[in-house]
Amino acid sequence: VQLQASGGGMVQAGGSLRLSCAASGGTFRTFGMGWFRQAPGKEREFVAAISRSADNKYYSNSVKGRFAIPRDNAENTVYLQMNSLKTEDTADYYCAAGNRLDWSGYKYSSAGYDYWGQGTLVTVSS
């Protein structure tokens, strides 16, 4: 499975960006999908996740109410809609796919994901 992330860029605080992650080489609808981010000098952290059927979505406390994670199983794509961006959202953002049967129990952790895309850089200026 290959994941191709795109949509990063530079934006002013308060602005919006939408990241995309296109999957190929697998059966997309069988994967739980997630977004993680890593800021300079910090550990990679969970941002958001969505279940296979899109029935359930999960967010870190730092982005809840500002970010959304829709997915389009027909287009094999997951998105991260980021609104009301803050300077502390600056990071490399990574999409990930997990197909373990117990994914739900690991969705907040890197351990829940088998495939990773390359990072896409988001820079939020004040």
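In what follows, every heavy atom counts, from backbone to side chain, and hydrogens, waters and symmetry copies are set aside.
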Quick check for you: to the nearest 0.5 Å, what is the distance between L121 atom CG and L19 atom CG? 10.5 Å

Closest non-hydrogen atoms of R37 and V63, given as atom of the first, atom of the second and distance, are NH1-CG1, 4.0 Å

Kindly work out whether a path of hydrophobic side-chain contacts (I/L/V/M/F/W/Y, heavy atoms less than 4.5 Å apart) joins Y115 to V47. yes

Point-to-point distance, once rounded to the nearest 0.5 Å, from CE of M33 to OG of S51: 12.0 Å

For the atom pair OG (S126) and CD (E88), what is the distance rounded to the nearest 0.5 Å? 10.5 Å

For residues L3 and A23, report the shortest heavy-atom separation together with the two atoms involved. CD2-CB, 3.6 Å

Identify the heavy atoms of Q118 and Y94 that sit nearest to each other, and give their distance. C-CD2, 3.9 Å

Is it the case that over 12 heavy atoms from other parts of the model lie below 6.0 angstrom from the OH atom of Y106? no

According to a hydrophobic-cluster definition based on side-chain heavy atoms being under 4.5 Å apart (Ile, Leu, Val, Met, Phe, Trp, Tyr only), do L17 and L80 belong together? yes

Without swapping roles, check the side chain of D72 against the backbone of E75 for a donor-acceptor pair under 3.5 Å. yes

Report the C-alpha separation of Q38 and F36 in whole Å, then their side-chain angles, then the decisive distance to 0.1 Å, and conclude whether the side-chain contact (heavy atoms from CB on, under 4.5 Å) test is met. CA-CA 7 Å; Q38 187 167 18; F36 290 73; over 6 Å; no

Taking the six-membered ring of F31 as reference, does the NZ or CZ atom of R71 fall below 6.0 Å from its centre and within a 45° cone about the axis? no

Do W116 and R44 come close enough that some side-chain heavy atom pair is under 4.5 Å? yes

Donor-acceptor under 3.5 Å (D114 side chain, N99 main chain): yes

Close side-chain approach of V78 to C21, heavy-atom, < 4.5 Å: yes

Restricting to non-hydrogen atoms, name the atom on Y58 and the atom on Y108 that form the minimum distance, rounded to 0.1 Å. CD2-OH, 3.6 Å

Roughly how far apart are D89 CG and T123 OG1, rounded to 0.5 Å? 11.0 Å

Tell me whether R29 contacts the main-chain N or O of N73 through its side chain, where contact means a donor paired with an acceptor under 3.5 Å. no

Quick one: closest heavy-atom pair of T90 and V124, and the distance? OG1-N, 2.9 Å

Shortest non-hydrogen separation from W103 to R52 and the atoms involved: CB-NH2, 4.0 Å

Euclidean distance, S109 OG relative to E45 CD, rounded to 0.5 Å: 13.0 Å

Is the Y93 ring parallel, tilted or perpendicular to the F67 ring (thresholds 30°, 60°)? tilted

Distance check, rounded to the nearest 0.5 Å: Q4 atom CD versus T77 atom OG1? 11.0 Å

Can any side-chain N or O of Y113 pair as donor or acceptor with the backbone N or O of K107 at less than 3.5 Å? yes

